[in-house]
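What follows is one structure encoded as structure tokens, with my remarks underneath.
Residue numbers start at 1 and run along the sequence shown.
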Amino acid sequence: MANAQLLHGVQSRRLARLQAGEAVPDQVELPWTDRYFAQLGLVLGVAYRSTAVLTTTPAPPQRTVEGTDYVPTPEPGHRLPHRRLGDGRSTLDAVGAWFTLFTPDPAAWARDTAVSVPLRIEPLPAAHTEPYAFGPHGALLVRPDGHIATRRPDGPPTATALAEALSAVTSRP
């Protein structure tokens, strides 16, 4: 809607000039300013609400932004926000054709790796626990499409928590 309103404004100004008898400028005013086609929010801000997303924790406080700006959030169902891993890679580069578990405590979660889907556990620097809204033993489970399947604020609640989460989001035993 914001983009359509920008285009309508350009057209309205041009029509007003023509109706006032003003000379038509050689160059047509184009609406593609830094705001026109501002669609990152539409492209990257897509959030899923389905059985492939487990919302087991309350969402962190959200900033409200007008228009179509993209605001990264660690909320389940949303695209994984970028952070640097200890080896310099981006968290986005660590996601692939497998489920990825990001955690500052891989040992706590590695006990539960008897799962029926491909899974990688990626060590996450402790500095990222606050932006990702979990504690020093928490984790984010990310789907192969880069969207967060679930966020666990603390360590695994049970010995089979990871397998149960994967089973729930994939509908596979």
Side-chain angles (χ1 to χ4, degrees), residues 1-2 34-35 38-173:
M1 288 301 296
D34 61 336
R35 298 298 309 154
Q39 298 183 20
L40 276 180
L42 298 174
V43 175
L44 299 177
V46 172
Y48 294 98
R49 298 288 179 255
S50 72
T51 56
V53 174
L54 302 178
T55 54
T56 58
T57 59
Q62 293 276 329
R63 295 183 316 181
T64 56
V65 178
E66 291 184 24
T68 56
D69 291 331
Y70 171 58
V71 180
T73 177
E75 183 179 347
H78 288 262
R79 184 176 299 274
L80 174 70
H82 157 76
R83 294 282 180 226
R84 284 276 168 219
L85 295 172
D87 60 6
R89 290 178 303 142
S90 168
T91 51
L92 303 177
D93 294 333
V95 175
W98 50 82
F99 281 83
T100 308
L101 186 82
F102 292 98
T103 178
D105 188 5
W109 292 91
R111 295 186 297 255
D112 186 18
T113 56
V115 295
S116 62
V117 296
L119 171 72
R120 289 191 183 173
I121 297 179
E122 289 283 344
L124 188 70
H128 299 325
T129 58
E130 185 178 331
Y132 280 154
F134 57 73
H137 306 290
L140 285 179
L141 179 62
V142 179
R143 302 180 335 193
D145 66 358
H147 285 258
I148 299 169
T150 191
R151 180 181 62 236
R152 300 292 176 159
D154 300 310
T158 65
T160 58
L162 181 55
E164 290 167 6
L166 283 165
S167 177
V169 299
T170 61
S171 298
R172 293 170 66 176

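- For R89, the salt bridge (charged side-chain N to carboxylate O under 4.0 Å, His left out) partners at least two apart in sequence or on another chain are D87, E122.
- Across every non-hydrogen atom of I121 and P106, the tightest pair is CG2-CB, 3.9 Å.
- With rounding to the nearest 0.5 Å, the separation of CG in L101 from CZ in R120 is 13.5 Å.
- S90 OG to R84 CZ: the interatomic distance, rounded to the nearest 0.5 Å, is 5.5 Å.
- A distance of 7.5 Å separates CZ of F99 from CZ of R143, quoted to the nearest 0.5 Å.
- Atom CG of residue L92 and atom CG of residue L85 lie 9.0 Å apart, to the nearest 0.5 angstrom.
- To the nearest 0.5 angstrom, L141 atom CG is 5.0 Å from L166 atom CG.
- For R151 against P74, the heavy-atom pair with the smallest separation is NH1-O, 2.7 Å.
- In plain terms, the two heavy atoms of P76 and A149 that are nearest each other are CB-O, 4.1 Å.
- The OH atom of Y132 lies 3.5 Å from the OG1 atom of T91; values are rounded to the nearest 0.5 Å.
- Looking at P72 and H82, their side chains never come closer than 4.5 Å, going by heavy atoms from C-beta outward.
- In terms of heavy atoms, A126 sits closest to P104 at CA-CB, 4.3 Å.
- With hydrogens and angles ignored, the 3.5 Å screen pairs a side-chain donor or acceptor of W109 with a backbone N or O of H137.
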side-chain contact (heavy atoms from CB on, under 4.5 Å) evaluation trace for L80 with T100: CA-CA 11 Å; L80 174 70; T100 308; over 6 Å; no
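- Residues P136 and T129 share a closest heavy-atom pair of CA-CG2, 4.3 Å.
- Contact detail for T103 and A139: the closest heavy-atom pair is CB-CB, 3.9 Å.
- Judged as a side chain to side chain donor-acceptor pair (under 3.5 Å), and not counting sequence neighbours, D93 has no contacts.
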